[in-house]
Amino acid sequence: VLSPGQTIGRFEVRAPVGQGGMGAVYVGFDPSLNRQVALKVMHEDLTKDPVAVERFRREALALAKLSHPGVVQVYDLVESEGHLVLVMEHLAGQSLRQRMGAGRMDASEAVNLARELLAALDAAHGVGVLHRDLKPANVFVTERGEAKLLDFGVARLADATRLTETGELLGTVRYMAPELLRGEEPSARSDVYAVGFILFEMRAGRPPYEGTGIDLVIQIRTGRPPRLGDVAPQV
């Protein structure tokens, strides 16, 4: 846990934002360029795990390969006093998960966000980056209503060596394509599936499949998603 006023490299910690899978996020300040930034600080216990450190570095590499308005920008990767910090664009707004908590979205908002997500994914896939963990918590909706892809912590780079055993699941099961749950290789189609799942949830106010654990896995692998109109007749 970092304290406001603490510095990492040249960056000043201003305020905590929240916890992520691999690190805590803070609002920071870059005095050299006189601007706010987001600081994703890797959890201290994970810095002792070489695989976790490599995954954190790959998130930085994946973001550095991308230049698209629908993907959060990365500015720097800093190592200082035992901390490993990803320095990123500071965004104002809320996560798509928070936005969805306000209730079912109208068609124009949902379709616009899905279109922006697909454009960002197209840019990522074009340079060999698969996200692999698309879900509402990893999509940011800016104050202008624009979608930004976040958290490339389990991204797959086309030219990278494998960090996990074949068939090992990485990501969030609820948003996984059926082929991933069968132990097959991820592809661009797996990311696109997740966008379809998110679009359904934005319009219906609930995901296509409900349940947890093995029940959820069985539904995704063997079932057919319900028709949107059956779940939300008003849509």
Side-chain angles (χ1 to χ4, degrees), residues 1-32 35-66 71-99 101 124 129-141 148-157 160-165 167-176 180 186 191 194 212-213:
V1 177
L2 302 182
S3 304
Q6 188 172 344
T7 58
I8 299 179
R10 74 173 190 268
F11 302 98
E12 178 187 334
V13 176
R14 288 283 175 88
V17 174
Q19 296 287 331
M22 298 186 72
V25 180
Y26 298 83
V27 175
F29 183 72
D30 180 356
S32 297
R35 66 179 176 185
Q36 284 193 323
V37 293
L39 304 174
K40 183 174 183 179
V41 183
M42 189 175 193
H43 293 309
E44 187 175 355
D45 57 332
L46 292 179
T47 61
K48 302 174 179 63
D49 180 348
V51 172
V53 169
E54 180 62 19
R55 188 165 291 139
F56 196 83
R57 291 182 185 279
R58 286 194 184 179
E59 177 174 10
L61 289 172
L63 288 168
K65 286 169 73 78
L66 292 167
V71 180
V72 64
Q73 288 184 278
V74 63
Y75 299 142
D76 206 350
L77 182 64
V78 176
E79 293 184 66
S80 176
E81 298 179 3
H83 296 296
L84 189 58
V85 184
L86 187 57
V87 184
M88 299 179 292
E89 170 187 13
H90 177 261
L91 300 172
Q94 61 184 339
S95 73
L96 180 57
R97 170 57 62 207
Q98 292 170 314
R99 169 63 191 87
V129 176
L130 302 178
H131 190 284
R132 295 207 296 170
D133 194 20
L134 275 171
K135 57 186 177 183
N138 286 343
V139 177
F140 197 86
V141 182
K148 291 261 191 180
L149 273 178
L150 306 177
D151 203 343
F152 281 70
V154 297
R156 176 80 170 271
L157 306 183
T161 55
R162 184 185 297 278
L163 284 177
T164 60
E165 297 297 325
E168 181 177 345
L169 291 179
L170 282 176
T172 304
V173 169
R174 183 171 299 281
Y175 299 91
M176 282 186 180
L180 300 183
D191 281 346
T212 58

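Just so you know, these numbers come straight off a predicted model, no measurement behind them.
D151 and K135 are not joined by a salt bridge, as no carboxylate oxygen comes within less than 4.0 angstrom of a charged side-chain nitrogen. Between E54 and R58, at least one side-chain N (NZ, or NE/NH1/NH2) sits under 4.0 Å from a carboxylate O, which counts as a salt bridge.
The CG atom of N138 sits 10.0 Å away from the OH atom of Y175 when rounded to the nearest 0.5 Å. Atom-to-atom distance recorded for E12:CD and Q36:CD is 10.5 Å, nearest 0.5 angstrom. For the atom pair CG (L77) and CE (M42), the distance works out to 10.5 Å, reported to the nearest 0.5 Å. Here the CG-CG distance, from L150 to L91, works out to 6.5 Å after rounding to the nearest 0.5 Å. L39 CG to F11 CZ: the interatomic distance, rounded to the nearest 0.5 Å, is 7.0 Å. A distance of 10.5 Å separates CZ in R35 from CZ in F29, rounded to the nearest 0.5 Å.
Considering only heavy atoms from C-beta on, D30 comes within 4.5 Å of R10 through its side chain. The shortest side-chain heavy-atom distance between Y75 and E89 falls under the 4.5 Å cut-off. Residues D76 and V37 have side chains not in contact (no heavy-atom distance under 4.5 Å, counting atoms from C-beta outward).
For the pair S3 (side chain) and Q6 (backbone), a donor-acceptor distance under 3.5 Å is absent.
In E44, the CD atom is not crowded: 12 or fewer heavy atoms of neighbouring residues, nucleotides or ligands sit closer than 6.0 Å.
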